[in-house]
*Asks:* 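Would you mind keeping the following structure in view while I ask a few things?
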Amino acid sequence: MAAAADHIFDPWDPAFVADPYPAYAELRARGRVIRYEPSDQWLVPHHADVSALLRDRRLGRTYLHRFTHEEFGRTPPPPEHEPFHTLNDHGMLDLEPPDHTRIRRLVAKAFTPRTVERLVPYVRGLAEELVDTLVGDGGGDLLTDLAEPLPVAVIAELLGIPEADRPLLRPWSADICGMYELNPSEETAARAVRASVEFSGYLRELIAARRAEPGEDLVSALIAAHDEGDRLTGQELVSTVVLLLNAGHEATVNATVNGWYALFRHPGQLAALRADHSLVPSATEELLRYDTPLQLFERWVLDDIEIGGTTIPRGAEVALLFGSANHDPAVFADPGRLDLARAENPHISFGAGIHYCVGAPLARIELAASLTALLERAPTLTLAAEPERRPNFVMRGLRGLRVELR
């Protein structure tokens, strides 16, 4: 019989959200799968199971390619949420093969390693420019002055979003991503619906403009692929661009502030990094592992599965705990220790399997660029005030990170 999560796991408790990692250790000790009634899910806390289930085709991000809501034993979403679900459910992250395969292939054609590599000078130059402004001001908020503007500008540049429109993206994205938290409120849903309508309307106009006058950007490339006969509906095009915009900065923003907050709390590791910038690549991976920006990834059980002697029936939902998996002592030696020189680091912060983050190479470039720029141009950077953590559990981040130069 499976264990229950009891009061160990409480994603609505600020104390838990502030530091969920001790609770994860208790969950791992409880077993390989733990029933959690408040969200009607099965929690999976071990690295081996999370990694395997990400690749298991008996699970899916959706079930609608095989079942109706009623056949699957689920209640359809309320009609008033329809704009959010139309937008979300046609993006490749929430699709399964063959639709996922078709759309990801199109994105991969346009989102090539060469395209990403071509962005490196732009990313580095922008990171240096933003850090120089921060230094000139004697400090500021690392969230709003660097962590947000860098990846937002980069993904907008890649997609061809005009500079004047870029301030619209972050608020829309934040409102839509609120729906990925556990048991979102009606107020959260209303904001997500409004953002979905506005974001979709904006992109339909942009797509029409790019179709009339193509540019050297990813939106134009996706339109070209569509017009050349690759099957991509208008809704899929809009949903794919929204997914790329949202996923193209959300994790990087949170990884940046989570990472620097961790560095400030580990002055020995920060000193070692400042003394040896060749640690930047391994430091980037360790910061992604140590305080994981995406804590949980949900999958539907399409066919009965068995985990550690417990049968999880078709129609159930599993919550794969990335944050717990990244602190599993079966995989990471002394996982609670920040070790910027960690050699073996098979973290799963970018997922695995067919839904592995297509933008992971770009995210790594952005994180390394901002880290390097701060190390080189702001070597005396220090924490100015204890930050306040966002109440979100699934997408883990800070409300701000005030810094100053000594």
*Asks:* Rounded to the nearest 0.5 Å, how far does CD of Glu26 lie from OG of Ser324?
*Replies:* 11.5 Å
*Asks:* Could you give me the CA-CA distance, side-chain angles and deciding distance for Leu134 and Val403, then say whether side chain to side chain contact (heavy atoms under 4.5 Å, CB included) is met?
*Replies:* CA-CA 9 Å; Leu134 186 76; Val403 295; 4.2 Å; yes
*Asks:* Main chain of Gly139, side chain of Asp137: is a donor-acceptor contact present, judged purely on distance under 3.5 Å?
*Replies:* no
*Asks:* Answer yes or no: is there a side-chain heavy-atom contact under 4.5 Å between Leu93 and Arg61?
*Replies:* yes
*Asks:* Please round to the nearest 0.5 Å and tell me the distance separating atom CD of Glu286 and atom OG of Ser282.
*Replies:* 8.5 Å
*Asks:* Taking the basic N atoms (NZ, or NE/NH1/NH2) and the acidic carboxylate oxygens, is any pair closer than 4.0 Å for Arg191 and Glu187?
*Replies:* yes
*Asks:* Is it the case that the ring center of His347 lies less than 6.0 angstrom away from the ring center of His47?
*Replies:* no
*Asks:* Got a salt bridge between Asp19 and Arg389, using NZ or NE/NH1/NH2 to carboxylate O under 4.0 Å?
*Replies:* no
*Asks:* My understanding is that only one of Arg299, Glu96, His100 makes a side-chain contact (heavy atoms from CB on, under 4.5 Å) with Thr62; could you say which?
*Replies:* Glu96
*Asks:* Once you measure the plane-to-plane angle for Tyr202 and Trp172, does it fall in the parallel (<30°), tilted (30-60°) or perpendicular (>60°) bin?
*Replies:* tilted
*Asks:* Taking all atoms of both residues into account, what is the closest heavy-atom pair of Leu270 and Phe264, and its distance?
*Replies:* CD2-CD2, 4.0 Å
*Asks:* Indicate yes or no: does Glu37 engage Arg35 in a salt bridge with an N to O separation below 4.0 Å.
*Replies:* yes
*Asks:* Could you tell me whether the side chain of Arg66 reaches within less than 4.5 Å of the side chain of Leu302, counting heavy atoms only?
*Replies:* yes
*Asks:* If we ignore hydrogens and angles and just use 3.5 Å, is the side chain of Asn392 paired with the main-chain N or O of Met395 as donor and acceptor?
*Replies:* no
*Asks:* Under 3.5 Å, is there a donor-acceptor pair between the Ser239 and Gln235 side chains?
*Replies:* yes
*Asks:* Does the side chain of Arg364 pick up a donor-acceptor pair with the side chain of Thr284 at under 3.5 Å?
*Replies:* no
*Asks:* Provide the closest heavy-atom pair for Ser278 versus Pro281 in the form atom of the first, atom of the second, distance.
*Replies:* O-CD, 3.3 Å
*Asks:* Does Phe72 have Arg314 sitting over its ring (NZ/CZ under 6.0 Å from centre, angle to axis within 45°)?
*Replies:* no
*Asks:* Are any side-chain N or O atoms of Arg396 and backbone N or O atoms of Val17, one a donor and one an acceptor, separated by less than 3.5 Å?
*Replies:* yes
*Asks:* So, Arg342 and Glu285, do they make that salt bridge, N to O below 4.0 Å?
*Replies:* no
*Asks:* Does the ring-ring contact (aromatic ring centres under 6.0 Å, His included) test come out yes or no for His266 and Tyr290, once each step is laid out?
*Replies:* CA-CA 12 Å; His266 295 82; Tyr290 183 78; 5.5 Å; yes
*Asks:* How long is the span from the CZ atom in Arg210 to the CG atom in Leu203, to the nearest 0.5 Å?
*Replies:* 11.0 Å
*Asks:* Judged by atom type as modelled, is there a donor-acceptor pair below 3.5 Å linking the side chain of Asn183 to the main-chain atoms of Pro38?
*Replies:* yes
*Asks:* Let's go through Ser200 and Arg204 carefully: what are the C-alpha distance in whole Å and the side-chain angles of both, what is the deciding distance for side-chain hydrogen bond (donor to acceptor under 3.5 Å, both in side chains) to 0.1 Å, and is it a yes or a no?
*Replies:* CA-CA 6 Å; Ser200 296; Arg204 289 187 193 284; 5.4 Å; no
*Asks:* Using a distance-only test with no angle check, is there a side-chain donor-acceptor pair under 3.5 angstrom linking Glu317 and Trp42?
*Replies:* no
*Asks:* Determine whether Arg32 and Pro45 make a side-chain contact, defined as any pair of heavy atoms from C-beta on separated by less than 4.5 Å.
*Replies:* no
*Asks:* Can you check whether Leu237 reaches Thr240 side chain to side chain, under 4.5 Å on heavy atoms?
*Replies:* no
*Asks:* Looking only at non-hydrogen atoms, find the nearest pair between Glu366 and Gly248 and report the distance.
*Replies:* OE1-O, 4.1 Å
*Asks:* Check whether His46 reaches the backbone of Gly31 with its side chain - one donor and one acceptor, N or O, closer than 3.5 Å.
*Replies:* yes
*Asks:* Would you please indicate yes or no on a ring centroid separation below 6.0 angstrom for Tyr24 and Tyr21?
*Replies:* yes
*Asks:* For the residue pair Asp339 and Asn345, establish whether any side-chain heavy-atom pair is separated by less than 4.5 Å.
*Replies:* no
*Asks:* Should the heavy atoms of other residues, nucleotides or ligands under 6.0 Å from CD of Glu117 be counted, would the total exceed 12?
*Replies:* no
*Asks:* Could you tell me whether Phe393 and Trp12 have their ring centroids closer than 6.0 angstrom?
*Replies:* no
*Asks:* Can you tell whether the side chains of Glu216 and Arg118 come within less than 4.0 Å, N to carboxylate O?
*Replies:* no
*Asks:* Side-chain donor-acceptor contacts of residues 83-90 below 3.5 Å, not counting sequence neighbours, with atom names and distances?
*Replies:*
from: Thr86; atom 1: OG1; to: Glu82; atom 2: O; distance (Å): 3.1
from: Thr86; atom 1: OG1; to: Glu82; atom 2: OE2; distance (Å): 2.4
from: Asn88; atom 1: OD1; to: Tyr180; atom 2: OH; distance (Å): 2.8
from: His90; atom 1: ND1; to: Thr86; atom 2: O; distance (Å): 2.8

*Asks:* May I ask you to test the Thr382-Glu404 pair for a side-chain heavy-atom distance under 4.5 Å?
*Replies:* yes
*Asks:* To the nearest 0.5 Å, what is the distance between CG (Leu59) and CG (Leu54)?
*Replies:* 9.0 Å
*Asks:* Could you tell me whether a side-chain N or O of Tyr36 sits under 3.5 Å from a main-chain N or O of Phe9, the two making a donor and an acceptor?
*Replies:* yes
*Asks:* Going by atom types only, do Thr292 and Asn326 share a side-chain donor-acceptor pair under 3.5 Å?
*Replies:* yes
*Asks:* Can you check whether Leu398 reaches Glu388 side chain to side chain, under 4.5 Å on heavy atoms?
*Replies:* no
*Asks:* Please answer whether the main-chain N or O of Leu245 pairs with a side-chain N or O of His249 as donor and acceptor at a distance below 3.5 Å.
*Replies:* yes
*Asks:* Identify the heavy atoms of Phe199 and Ile176 that sit nearest to each other, and give their distance.
*Replies:* CD1-CD1, 3.8 Å
*Asks:* Short question: side chain of Asp56, backbone of Ala52 - any donor-acceptor pair under 3.5 Å?
*Replies:* no
*Asks:* Would you say Arg74's side chain and Thr68's backbone share a donor-acceptor pair under 3.5 angstrom?
*Replies:* no
*Asks:* Can you see which heavy atom on Leu381 is nearest to which on Arg274, and at what distance?
*Replies:* O-NH2, 2.7 Å
*Asks:* I'd like to check Glu298 versus Leu320 (side-chain heavy atoms, cut-off strictly below 4.5 Å). Are they in contact?
*Replies:* no
*Asks:* Can you name the nearest heavy-atom pair linking Val135 to Ala378, along with the distance?
*Replies:* CG2-CB, 3.8 Å
*Asks:* Ignoring hydrogens and geometry beyond distance, is a side-chain donor-acceptor pair present between Tyr261 and Glu386 at under 3.5 Å?
*Replies:* yes
*Asks:* CZ/Arg28 to CG/Leu321 distance, rounded to the nearest 0.5 angstrom?
*Replies:* 9.5 Å
*Asks:* Distance-only, no hydrogens or angles: does the Gln41 side chain make a donor-acceptor pair with backbone N or O of Val318 under 3.5 Å?
*Replies:* no
*Asks:* What I want to check is whether the side chains of Arg105 and Thr101 have a donor and an acceptor closer together than 3.5 Å.
*Replies:* no
*Asks:* Is any NZ, NE, NH1 or NH2 atom of the basic residue among Arg194 and Asp175 found under 4.0 Å from an Asp or Glu carboxylate oxygen of the other?
*Replies:* no
*Asks:* Distance check, rounded to the nearest 0.5 Å: Asp217 atom CG versus Ile161 atom CD1?
*Replies:* 8.0 Å
*Asks:* Counting only heavy atoms not in Glu306, do more than 12 fall under 6.0 Å of its CD?
*Replies:* yes
